[in-house]
Structure formats: C-alpha cells, structure tokens
Amino acid sequence: MDIISQIKENTKKAISELYQHEIQPNDILVNETKPEFEGDYTVVLFSFVKTLKKSPDALGNELGGLLIIKYPTLFSGFNIIKGFLNLSVADGYWASFLQNNYSINEFGQKEKTNQKVMVEYSSPNTNKPLHLGHLRNNFLGWSISAIYKANGYDTVKTCIANDRGIHICKSMIAWQLFANGATPETTGTKGDHFVGDYYVRFGSEYKKQVEGLQATGMSKEEAEKEAPIMKAAQQMLIDWEAGNPAVIALWKKMNSWVYAGFEETYKKIGSDFDKTYYESDTYLLGKKLVQYGLEQKVFFKKEDGSVWIDLTADGLDEKIVQRKDGTAVYITQDIGLAVNKYEEYHCDESIYVVGDEQNYHFKVLKLICQKLKIPAADHIFHLSYGMVELPTGRMKTREGNVVDADDIVDEMIHEAERKTKEQGKTEGFTDEELKDLYEMIGIGGLKFFLLRVDPKKRMLFNTEESIDLHGYTATFIQYAHARIKSILRKERESGVETLESRIGDQESGVSCKESNRDKPGINFLLPLEKKLIINLEKYPAIIEQACQDMSPSLIASYAFDLAKNFNSFYAEHSIAKAETPDKKELRLQIAQLTATTLKNSMALLGIKVPERM
RNA sequence: GGUCCGGUAGCUCAGCUGGAUAGAGCGGCAGCCUUCUAAGCUGUAGGUCAUUGGUUCGAAUCCAAUCCGGAUCACCA
C-alpha cells in the first residue's frame with residue numbers, strides 16, 4: 001500500500017480508538033508537507049475539529065501521539081501548526097521501500113484486472129495526409145492505451161479509416177479531371193500527400209465554379225448546390241454505394257496510395273493498432289440498424305424518405321441518420337461500428353479519442369445506441385481533446401494553414417541531430433545508434449510537447465517552443481536518464497566487488513542481496529535523498545491517477561519532476577564518491593530506481609529513453 | 001440565440017473531490033564546469049488567480065451574475 005493510503009488508514013483507526021468516532025479513510029485529507037515546515041506528510045485536521053469537539057492543537061497532539069506509538073516503524077515524529085498535523089516518516093520505512101523495489105524493472109506495473117478496454121484513435125480520412133491535430137490524437141490514444149495496460153487492463157487499439165463518403169469522392173473527381181493518369185510513383189510523391197493535393201484541387205475548382213455561377217446572377221447558396229464538380233462528387237457517392245465497378249476500382253486505387261503513405265508515418269511515430277475498421281464495411285451494418293431502429297420506432301421517416309431520430313426529450317434536436325437518397329451519413333456508420341466492436345471484442349469499456357468539436361456527435365451517438373439497446377452503449381466514452389492551434393490561428397487544410405505531420409516530424413529529427421552534433425558527445429556511436437538517438441530526441445520531443453498539456457484543453461503549438469530541448473521537455477528527462485545510466489555503467493565496469501550483487505543487472509533482472517536496511521548509511525537520509533525516494537514511491541499512485549483522469553499529462557509532469565529532483569541531487573552529492581560505502585550503495589539504488597521509473601513513465605507516453613547521449 | 005468548454009506571471013502551462021505564504025518551464029537578471037555527461041545546477045525579479053457578489057473557520061478551487069475567447073446546434077465528416 002502506498003504511504004498516503006497507509007496514513008489515511010492509520011489515522012482512521014486512531015480516531016476510532018481515541019474518540020469512538022468512525023470516518024472513511026478517503027474523508028481524510030493528506031498532503032505532502034510544504035517544504036518550509038518540518039515533516040513529510042500532513043493531515044489536515046480542520047474537518048474533524050467540529051465533529052470531535054476538540055481544539056486543533058489537542059486533536060493533533062492526541063492523534064500524533066497515538067500514531068507514533070502505534071506505528072513506530074512508519075512515523076518518527078510529528079508537529080502541529082494551526083490545524084495541520086505534520087508527520088515525519090521514519091527513514092527506515094523509506095529504506096525498506098527502496099530495498100524492496102529498486103531492482104524491479106517493471107516498477108509501477110499493476111496486477112491484471114481481467115478488464116478489457118478498447119481505445120479507438122487516429123481515425124484518419126483517406127483524402128488527405130495527417131497533420132498536427134492527428135498527431136495529438138495518435139499520441140494521446142496510444143498513451144492512454146499504454147496507461148490502461150500499466151493499470152492491469154487488456155487493451156485493444158483500434159483505428160477507424162473514414163475511407164468513404166463525399167470527401168473521398170472529391171479527391172477522386174479531381175484526380176479524374178486533372179491528373180492525366182499521374183500516380184504517386186510517376187510523380188515521386190508520398191501517397192497520402194498525392195491524394196491530398198487533389199482534395200485541395202477540388203476545393204479551388206469548386207470555388208472557381210461557384211464564383212462563375214454567381215457571376216451569372218445565381219445566389220451563392222444556389223451556386224454552391226449547382227456547381228458541376230460538386231454534383232459530380234455527389235453522383236459519385238451514389239455510384240459508389242451502388243457498387244459501380246469503375247468507381248470502386250478508382251476508389252480502391254486511390255485509397256491504397258493513401259494507406260501506403262499513412263503506414264510510413266505510423267511506423268515512424270510508433271503508432272500501431274490491433275485492429276483497423278473501415279467505414280466502408282461498417283456503414284452497411286449501420287444502414288441495417290437504421291432499418292431495425294425504424295421497426296423499433298426509435299427512428300422515424302420523413303415524407304422525403306430521410307430517416308431521423310427525435311432527441312428533443314433529451315434536450316437535443318432531431319438528428320438525421322440516413323439521407324433521403326438512402327445514403328449513409330457520418331453517424332450511420334458509427335452506430336454500425338459500435339455494434340461491430342462489441343461483437344468482436346466484448347470490451348468492458350470503449351474509448352473514442354476524438355476532438356472536442358465532436359462532443360455533440362458523441363452525445364447523440366451514445367443516446368442512439370442506448371435507445372437501440374446496443375449492449376455496449378453505456379460503456380461508450382468519448383475522450384474529448386482540445387484542438388491544436390497555431391500562432392496564426394486554427395488549422396484549416398483548405399486554407400493551407402496546417403502543420404503537416406510528416407514535415408514536423410522530420411523537422412524535429414533534424415533539429416535533434418543539429419543540437420546533438422553541437423553538443424559533440426556522441427563519439428564512438430555507430431551510424432545506427434546516432435539515427436536512433438536523433439529519432440528518440442526528435443520524436444520524443446514532439447510527443448512530450450503534445451502530451452504534456454491536459455488533453456481536454458486546446459493548446460497552442462509554437463514551433464520554436466516545440467523544438468526547444470531545455471526545461472520542461474523530453475530531452476531534459478532523457479538526459480537525466482542517460483546520466484544515471486552512465487554512472488551505473490561505470491560502476492558495473494569498474495566493479496571491484498562485483499556490482500551486480502549490489503545494484504543488480506537491469507537487463508538480466510538479476511536481483512540484489514538481502515536487506516541491509518539496518519546499515520547506518522541508510523538510516524540517515526539527506527534531504528535530497530529522501531525527496532527522491534518520496535518522489536519514487538509516488539509513481540504507482542500517479543499511474544492510477546493518470547488512468548482515472550485519462551491524462552498522460554500527469555505522467556509527463558511526474559517524469560519531469562523526478563528528473564529535476566535527480567538533477568538537483570546529482571549536482572549536490574556524488575554517487576561514485578559517496579562519503580561511505582553504505583551511502584554509495586544507497587545512492588546507487590536510488591539512481592537505479594530513478595532510471596527505471598524515468599524509463600517506464602516515458603514509455604507510457606510512447607517515448608524512448610537513451611542509454612547515452 | 002440554446003448548449004458545452006475555457007480565462008492563473010511578459011509567453012506556454014500546472015494547481016481545481018475547498019486547506020498553510022498560488023507553482024513550473026521559457027524569456028529577463030546574477031552566479032556555478034581541476035569533481036559521476038553544463039542538453040545540467042543555484043539564486044533573483046515577475047501575480048487584483050477575468051470582474052462582482054455569495055457559501056464558510058478557510059475560496060484560484062464550490063454557487064450565481066457579468067465581461068471576454070472557443071466549440072457546437074448541417075441531408076459535412
């Protein structure tokens with residue numbers, strides 16, 4: 001049990017014993033003691049003062065007194081300031097925590113829960129390349145899945161390819177009209193970018209046609225409807241749903257280009273999926289469910305043939321679920337997908353990582369699923385994240401105000417290379433090792449930058465800041481890790497007294513010798529030593545919190561804090577030349593567990609950490 | 001207009017199930033490499049926590065109103 005839970009539990013027992021008054025451990029507020037006061041953890045007494053009819057001082061004295069008598073291995077002292085009971089935790093407790101954990105490579109990993117959770121993320125449209133917004137989505141989804149895994153869940157990572165619909169037809173029409181048979185191969189263009197170019201081309205042509213029609217006296221609204229290229233796209237969607245072979249063939253060809261491009265990007269950024277769904281498969285099931293919903297009277301048909309659901313009783317509006325021409329709308333396929341997912345995996349929870357611009361959509365989707373009595377309906381959760389904005393404003397593909405995913409990834413890696421060369425510390429690295437290091441720093445930096453902000457909040461992406469390698473960045477943490485590894489390596493190499501027996505071997509998992517918690521060097525912790533151990537002890541609780549809040553930013557913030565504490569410690573105390581052999585051992589253990597924890601926490605963000613840099 | 005989300009240091013963000021004098025990073029200023037990697041460390045300046053009321057022992061945190069910003073309310077996805 002973590003220390004805070006133990007304090008709550010023991011305080012509850014003490015209050016019960018002293019005053020025959022029962023409270024829940026979770027009603028007790030325990031904080032870390034502010035640095036300006038003596039003690040490690042603080043119990044806030046105010047809330048009990050009234051019910052127990054005691055003065056804060058009396059209450060604190062009685063409570064603190066009993067706690068150190070009953071739990072002498074846990075508490076070494078206390079003091080009371082105003083209504084705060086500051087408890088000092090015994091150094092022996094920290095020493096034994098360290099002993100028990102420093103050689104555990106998977107420190108923080110929770111027991112299996114037998115719960116299965118699905119995380120859908122990425123959800124690309126197959127008509128244009130990925131941009132910065134997709135990257136936030138991908139990193140978030142991947143990380144959430146990793147965090148669930150660390151909490152003992154089985155996870156299924158899925159991707160839904162929005163591979164059909166009017167937007168795809170737009171790229172297709174534009175290619176037919178303007179490409180003269182060009183392909184990614186003939187032009188030497190990455191497939192997703194190639195197709196995206198035609199999507200943009202559609203937009204400009206459409207605009208031209210609308211303006212042309214308006215010049216003939218047509219209203220803007222009418223012109224937008226009547227523009228030939230738009231009508232052609234709409235006709236193409238109908239042909240597609242009818243299975244027109246030529247249209248299907250073109251569609252397959254263009255999508256295959258896009259997938260090849262996506263694959264390259266996913267591989268580079270480390271996104272992977274256990275299952276990819278295709279809207280072109282799920283929309284049919286969606287349409288079946290529309291029929292079912294009509295029979296069940298969940299949906300109703302309007303005179304023109306379009307199908308709707310009335311959600312006014314739930315405080316929403318009427319929502320269309322199928323067009324009058326019988327084609328599926330966006331939500332149609334999502335209903336099918338929800339059923340598909342459940343039938344295939346029977347997950348306990350189904351998370352959709354999708355931008356907050358779709359909050360309304362998911363509210364409606366969940367309601368519809370519930371009304372259709374789809375088994376998984378109640379377990380649909382929309383992990384809504386904020387948009388990524390640029391200093392120049394919101395990203396809009398058609399206006400060219402976008403940061404392309406491939407471009408920014410390459411830029412980050414190049415910057416990492418440039419800065420690394422500038423540092424000049426990579427003598428003896430092979431070309432392969434250098435390439436790995438540049439990617440670790442570059443891609444890690446990008447991931448950290450996008451994940452360090454609370455997912456719910458929209459964020460500003462400033463390129464200057466994102467390529468910074470100082471301060472609150474992945475590089476800072478990677479650097480701390482590399483420094484620790486360097487120390488451990490040297491100790492192992494020079495190990496007169498076989499270091500494996502002392503610090504263990506992380507790779508082989510060989511463990512330590514028996515407890516030496518009674519050694520004097522370990523029972524007098526210096527402030528910076530203790531601070532680090534306290535910091536390390538928190539890690540399992542942080543993993544739980546990050547899962548509950550579905551927030552990788554908590555992990556980022558924790559890892560940074562730990563690295564920072566280590567750096568302060570490193571600057572102040574020598575590990576290799578510690579005052580005594582016991583101190584050296586203690587510090588090696590702290591260093592090792594810190595390295596493990598930095599590595600594990602960064603892994604939850606999808607960020608690798610180097611042995612040297 | 002309805003609904004939802006947000007407003008904390010010059011900038012980017014933590015803190016929000018109410019608790020001690022509101023914290024980081026960047027940027028500014030001043031220091032630290034004969035010592036385990038200076039991609040680092042230390043110190044310092046910088047705040048009406050949008051505004052106004054309320055709830056109470058105590059409010060950045062909860063409630064209400066107002067102001068400002070954003071999202072959404074499509075036979076787009």
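Within every chain, numbering begins at 1; the chains are lettered A, B, ... in the order of the sequence lines, protein sequences first and strands thereafter.
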At less than 4.0 Å, is any side-chain N or O atom of [X] found next to OP1 or OP2 of [N]? Yes or no.
| X | N | answer |
| --- | --- | --- |
| Ser557(A) | A14(B) | no |
| His470(A) | G40(B) | yes |
| Lys34(A) | A20(B) | yes |
| Arg323(A) | A77(B) | yes |
| Asn567(A) | C41(B) | yes |
| Arg483(A) | A38(B) | yes |
| Lys490(A) | U37(B) | yes |
| Lys457(A) | A14(B) | yes |
| Arg394(A) | A71(B) | yes |

Base, sugar-phosphate, or nothing for [X], non-hydrogen atoms under 4.0 angstrom?
| X | value |
| --- | --- |
| Tyr479(A) | base |
| Phe46(A) | base |
| Thr420(A) | base |
| Lys50(A) | sugar-phosphate |
| Ser568(A) | sugar-phosphate |
| Ile441(A) | base |
| Gln423(A) | base |
| Arg612(A) | base |
| Thr473(A) | nothing |
| Tyr570(A) | base |
| Met613(A) | base |
| Val453(A) | sugar-phosphate |
| Ala482(A) | base |
| Ala576(A) | base |

What integer number of Å spans the [atom1] atoms of [N] and [M]?
| N | M | atom1 | answer |
| --- | --- | --- | --- |
| C29(B) | U66(B) | C1' | 40 Å |
| G18(B) | C5(B) | C1' | 22 Å |
| U12(B) | G6(B) | C1' | 16 Å |
| U42(B) | C4(B) | P | 45 Å |
| G47(B) | A65(B) | P | 32 Å |
| G25(B) | A14(B) | C1' | 10 Å |
| U17(B) | A50(B) | C1' | 25 Å |
| C41(B) | U35(B) | C1' | 14 Å |

**Fill in**
By nearest-nucleotide position on RNA chain B, the 5'-leaning member of Lys170(A) and Thr42(A) is Thr42(A)
**Fill in**
Assign each of Leu460(A) and Asp325(A) the nucleotide of RNA chain B bearing its closest heavy atom; nearer the 5' end lies the nucleotide of Leu460(A)
For atom [atom1] of [X] and atom [atom2] of [N], their distance in whole Å:
| X | N | atom1 | atom2 | answer |
| --- | --- | --- | --- | --- |
| Asn31(A) | G18(B) | CG | C1' | 11 Å |
| Arg458(A) | U12(B) | CZ | P | 11 Å |
| Met459(A) | G6(B) | CE | P | 17 Å |
| Leu365(A) | A77(B) | CG | P | 15 Å |

**Asked** Across all strands shown, which nucleotide pairs with C41(B) by Watson-Crick or G-U wobble geometry, both distances under 3.5 Å?
**Response** G31(B)
**Request:** Spell out, as yes or no, whether a donor-acceptor pair under 3.5 Å connects the side chain of Ser55(A) to the backbone of Ala58(A).
**Result:** yes
Looking at the rings of [X] and [Y], which for Trp means the six-membered one, are their centres under 6.0 Å apart?
| X | Y | answer |
| --- | --- | --- |
| Tyr330(A) | His361(A) | yes |
| Phe46(A) | Phe84(A) | yes |
| Phe381(A) | Phe362(A) | no |
| Tyr283(A) | Trp240(A) | yes |
| Phe461(A) | Phe449(A) | yes |

With a 4.0 Å cut-off, would you call [X] and [Y] a salt bridge?
| X | Y | answer |
| --- | --- | --- |
| Arg587(A) | Glu491(A) | no |
| Glu427(A) | Arg612(A) | no |
| Glu417(A) | Lys421(A) | yes |

**Asked** Under the rule syn = chi within 90° of 0, otherwise anti, which is C29(B)?
**Response** anti
**Asked** If we require ring centres under 5.5 Å and near-parallel planes under 30°, does Phe37(A) stack on A20(B)?
**Response** yes
**Request:** Evaluate whether the aromatic ring of Tyr472(A) and the six-membered ring of the A24(B) base sit under 5.5 Å apart, centre to centre, with an inclination under 30°.
**Result:** no
